[in-house]
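What follows is a single structure, written as structure tokens, with notes after it.
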Amino acid sequence: MNIFKKVLFVLFTFIISFSFFGCSYKPSSQYAKEEIQGNVFVKVTIDLEDPQNSVLIKDSINKLLIQKLDVDIVSSESLADTIMYIDVNRVSIQELQYDDLGYNKLYRALVSINVSYSKKGEKKKKSFIVDGEHNFSVDNGTTINSNQRYDAIKKASDKALEEVLSKIAVGSFKK
């Protein structure tokens, strides 16, 4: 009976190993790395009404590309293998809930970002939109100050940028 358990264990391990490695399973970040590699230039369109958000998003996308895809960020388009264009479509704050006295109590920050990229030598751009949201509250009877607004938009932007790698990976399958 003991030998039977060992044989089943070995057989089960073999089947599981074959399932993952025999099917050529790759995480989505691997496909994104194959799509975006080498030197990358990131061009962010600055929103004149709120330039602070554009800088924040550029820093976040640079950090994402360096940490997750292991690319080099360059300061000139001529040095780049891939050029990424980032446009902030929309940044807004919505009121979600009021207290008994009618004061705003709960808010939602919404961010929509258009990401497009093209590789050197290719004329076709691939593009997609990522959205992020962050709910936050304020003290009773107070309004949103600039620090709370900035922090909420930063968190919503980070949530939107979490989708970038998976969208790039999916885009790598489209010709």
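What you see is a predicted model; the values in this text were computed from it and never measured.
Taking each heavy atom of L165 and A32 in turn, the nearest pair found is O-CB, 3.8 Å. A109 and A156 get closest at one heavy-atom pair: O-CB, 3.7 Å. When all heavy atoms of G38 and D81 are compared, the closest pair comes out as CA-OD2, 3.4 Å.
Linking ILVMFWY side-chain heavy atoms closer than 4.5 Å, directly or via other members, places I86 and I66 in a single hydrophobic cluster. Under the 4.5 Å side-chain heavy-atom criterion for grouping Ile, Leu, Val, Met, Phe, Trp and Tyr, V130 is not connected to L110 through any hydrophobic cluster. In terms of hydrophobic clustering, with Ile, Leu, Val, Met, Phe, Trp and Tyr side chains grouped at heavy-atom distances under 4.5 Å, F128 and Y85 are assigned to different clusters. F41 and I36 sit in two unconnected hydrophobic clusters of ILVMFWY residues. Membership requires side-chain heavy atoms under 4.5 Å apart, directly or through other members. Cluster membership check: L64 shares its hydrophobic cluster with I57, using side-chain heavy-atom separations under 4.5 Å among Ile, Leu, Val, Met, Phe, Trp and Tyr.
Within the model, atoms CG of D158 and CD1 of I61 stand 10.5 Å from one another, a figure rounded to the nearest 0.5 Å. Residue R149 holds its CZ atom at 6.0 Å from CG of N53, rounded to the nearest 0.5 Å. Rounding to the nearest 0.5 Å places CG of N114 at 10.5 Å from CG of D131. Rounded to the nearest 0.5 Å, atoms OG (S116) and NZ (K126) are 12.5 Å apart. Between atom CG of residue L69 and atom CD of residue Q37 there is a gap of 10.0 Å, rounded to the nearest 0.5 Å. Rounded to the nearest 0.5 angstrom, D59 CG and S157 OG are separated by 11.0 Å.
N39 places a side-chain N or O within 3.5 Å of a backbone atom of L79 that can act as its donor or acceptor partner.
Around CG of N145, the count of heavy atoms belonging to other residues, nucleotides or ligands within 6.0 Å exceeds 12. Environment of NZ in K159: crowded, with over 12 heavy atoms of neighbouring residues, nucleotides or ligands closer than 6.0 Å. Annotation for K58: atom NZ counts as buried by contact number, over 12 foreign heavy atoms lying within 6.0 Å.
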Please walk me through it: do Y150 and L56 pass side-chain contact (heavy atoms from CB on, under 4.5 Å)?
-> CA-CA 9 Å; Y150 177 79; L56 169 87; 3.4 Å; yes
Could you go step by step and tell me if I168 and K68 meet the side-chain contact (heavy atoms from CB on, under 4.5 Å) rule?
-> CA-CA 12 Å; I168 291 172; K68 302 288 185 185; over 6 Å; no
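In this structure, the side chains of K63 and I73 stay at 4.5 Å or more apart for every pair of heavy atoms. A 4.5 Å side-chain heavy-atom check between V138 and Q148 finds at least one atom pair inside the cut-off.
Classified by interplanar angle (parallel below 30°, tilted 30° to 60°, perpendicular above 60°), the ring pair F136/Y107 is parallel.
For the salt bridge (Lys or Arg N to Asp or Glu O under 4.0 Å) condition, the pairs that include at least one residue of residues 109-120, sequence neighbours left out, are E35-K119.
E133 is linked by a salt bridge (charged side-chain N to carboxylate O under 4.0 Å, His left out) to R108, counting only residues two or more places apart in sequence or in another chain. Legend: residues meeting salt bridge (charged side-chain N to carboxylate O under 4.0 Å, His left out) with D151, ordered by chain and number and at least two apart, are K155.
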